[in-house]
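As structure tokens, the structure follows; a few thoughts come after it.
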Number of protein chains: 2
Amino acid sequence: MTVTLADVAARAQVSPATVSRVLNGNYPVAAATRERVLRAVDDLDYVLNGPASSLAAATSDLVGILVNDIADPFFGIMASAVQSEITGPGGRAGGERMAVVCNTGGSPERELTYLTLLQRQRAAAVVVTGGAIEDATHAAAIGRKLRRLCDAGSRVVLCGRPPTGAAPDAVALTFDNRGGGRRLTDHLIGLGHRRIGYIAGPTERTTTRHRLEGHQEALAAAGVANDPLLTLHGPYDRRSGYDATLELLRREPRLTAVVAANDTVALGACAALRDRGLSIPGDVSVAGFDDLPFSIDAVPALTTVRLPLYEAGARAGRIATGREEEPPGGIATVHGELMVRGSTGAPRRH
Amino acid sequence: MTVTLADVAARAQVSPATVSRVLNGNYPVAAATRERVLRAVDDLDYVLNGPASSLAAATSDLVGILVNDIADPFFGIMASAVQSEITGPGGRAGGERMAVVCNTGGSPERELTYLTLLQRQRAAAVVVTGGAIEDATHAAAIGRKLRRLCDAGSRVVLCGRPPTGAAPDAVALTFDNRGGGRRLTDHLIGLGHRRIGYIAGPTERTTTRHRLEGHQEALAAAGVANDPLLTLHGPYDRRSGYDATLELLRREPRLTAVVAANDTVALGACAALRDRGLSIPGDVSVAGFDDLPFSIDAVPALTTVRLPLYEAGARAGRIATGREEEPPGGIATVHGELMVRGSTGAPRRH
DNA sequence: TCTCCAATAGAAAGCGCTTGCTACGCATGC
DNA sequence: GCATGCGTAGCAAGCGCTTTCTATTGGAGA
């Protein structure tokens, strides 16, 4: 029913081997023969059987991309970058590589499931984005899985995640979250803020911890006491920023600044402040993290730390497909850039 | 080197057939035997070979999702919804289905390429999101491809795209862009606006045309002349909204409202107005389309047409995996809801 | 006690492709 | 003029799995 290689071979009056070689282009075939084969392919609307091809060749053109939330531009941008870089003449069959984007929802179980699925598909490469869970058991399980993927021949690239000791062959492009957090709070302290609320991300995640540590580092360096009551944890969403801001205001009415775990949370913080009738940055300054596209359109525009998500994703994609050298030691740090905009200013005198 | 079914069989002292049956769970296997097999699987860290399995079974667990731009939440939300619905006990091997998200960048060539790739992988289903190109040649080519996919046994669901005559077996979940556009402009006219600028999306796309037609329908119904100078086309991005707004202001300084092709474009329009020192909605009202998450955080909050992207994507996912009945005739229309917020108001008297 | 059937396991034939090896020319070198 | 080698094409053996068909049980029913 469906057209196979053999059908094409018959029509072109050559052997299946020749058709395969024309399609893969990695073996000399006389121009006239190639012509004939290609015409037959065209005439019959032949489409290679991917699974059969992958089975025989023991490789595949699939590249997995693990993201926490594909609807979040933070991940969408990285995924888009990875995909744009892996595209192009693929490994075999003149085909292109395909990106398999997997939504883990941040759950380590699902992360593990998807890694198994990718291993099952014999993925050519896997790019894992987003911070890691800090739970030792899970981290170990994922590390083991990644190592097995490496052993099975898949390239593994971590993008925006610290290296895993368990998988030494995996390349890691780590975001300098700690440094970014440090610079952000330094900036606020420099403006004169002393009572700064911090809305952190979910606990048990490296990203959350590093950003928070940077913040605390800045406080310590300036000799500002770190009041634990002024740090709240929550998911990376608008709602969390909204609720936490109200709570911070309750705990410390003299608050002059709020640092959010990321831009989305910051947007929620802004909304809460507006609803409370407080002006930004007149009454309270707000800062985010990531510099997602919408941040510049917030009113006032959000001060934040710009992470080069697209660039990092693109690099991950190139490394995953072997088009760029691995960084020395398999580890590279990607730095963020402080973007000072309208949402932060000097605190008003109380 | 790598562990195969046969290895597991040997260790469990059963035949490969039995192992396969345990893994697929679609054939009676005695509890004790299953136990033994599962232990062997575990002991050996066995991972099924996906390509081999797909080849032998002539089906795969891959579901393709075509999107114009994965970094755009409009598509990200749909993709996320599709993926969350296709997940769960997959077709075979106790595995789950995997989503393959393909970034077409809106280019019909790449759309075609990806459809071929998916056909090559023998995808279980394909969900195509985003408006269609109106170029007859491309439309026909894509229609043919979709039909071939259907013929090859893949389910095809169009999500947010009008039905294709060429692929009668494809289910279509169409957005009521025309109706939404109509209601939006009706709203503005109701507020008293008469000089309304329209920043349309890229030409040659069904989405663009339908939204614009709705707008013009509303104008006509209210007896407002449709000045072609007040309609500009551009891509679906912020920049386009910014530039077009400046141009509209140049063409018609007495403009009192701007309708944008979508929320992102509307954000650009807002930025341009702010930069020109115009207040929203005091001087100029602004309206968007889609109601993406950030729209409510615009200042003032954006009046827009809410498209149930998540719901539509989820439904597409369920239909794609056969967990929901197809709509009668294979076609369903998804309606948008007008969200009136702060960015639109009565025009100031000139 | 014997037959028959349900339940379970195995043997083996592919699925459609890739690729190592072989075969066949024909031009070249001595 | 014969051996050598290069440029092409074919043969056939898998790749690792699924599934049909067959074989072997151990009761249950007669």
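Labels below follow one simple rule: chain letters A, B, ... track the order of the sequence lines, proteins then strands, and each chain is numbered from 1. Note that the coordinates shown come from a computational prediction; the quantities given were computed from them, not determined experimentally.
Between the CG atom of B:Leu23 and the C1' atom of D:dG16 there is a distance of 13 Å, given to the nearest Å.
Of the charged side-chain nitrogens involved, none lies within less than 4.0 Å of a carboxylate oxygen, so that A:Glu134 and A:Arg205 do not count as a salt-bridged pair. With respect to the salt-bridge test (charged N to carboxylate O, under 4.0 angstrom), the residues B:Arg315 and B:Glu325 do not qualify. The existence of a salt bridge linking A:Asp43 and A:Arg11 is confirmed by a sub-4.0 Å separation between a basic side-chain nitrogen and an acidic carboxylate oxygen. A salt bridge links B:Arg161 with B:Glu111: the closest approach of a Lys/Arg side-chain nitrogen to an acidic carboxylate oxygen falls below 4.0 angstrom.
End-to-end axis angle of the helix from C:dT1-D:dA30 to C:dC30-D:dG1, from C1' rotation axes over five pairs per end: 40° (rounded to 10 degrees).
B:Thr206 places no side-chain N or O within donor-acceptor distance of the main-chain N or O of B:Gly131, the cut-off being under 3.5 Å.
Residue whose closest nucleotide on DNA chain D sits further toward the 5' end, between A:Leu55 and A:Pro28: A:Pro28. In this structure, B:Arg36 and B:Ala52 both approach DNA chain C, and ranking their closest nucleotides by distance from the 5' end singles out B:Arg36.
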Return the polar atom pairs (N/O with N/O) between nucleotides 20-27 of chain D and the protein under 3.5 Å, or none.
from, atom 1, to, atom 2, distance (Å)
D:dT20, O4, B:Arg21, NH1, 3.0

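DNA chain D is contacted by B:Thr4, B:Leu5 of residues 3-15 of chain B, taking any non-hydrogen atom closer than 4.0 Å.
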Between B:Tyr310 and B:Ser84, is a side chain to side chain donor-acceptor pair (under 3.5 Å) present by the stated rule, with each step listed?
-> CA-CA 10 Å; B:Tyr310 194 90; B:Ser84 81; 3.1 Å; yes
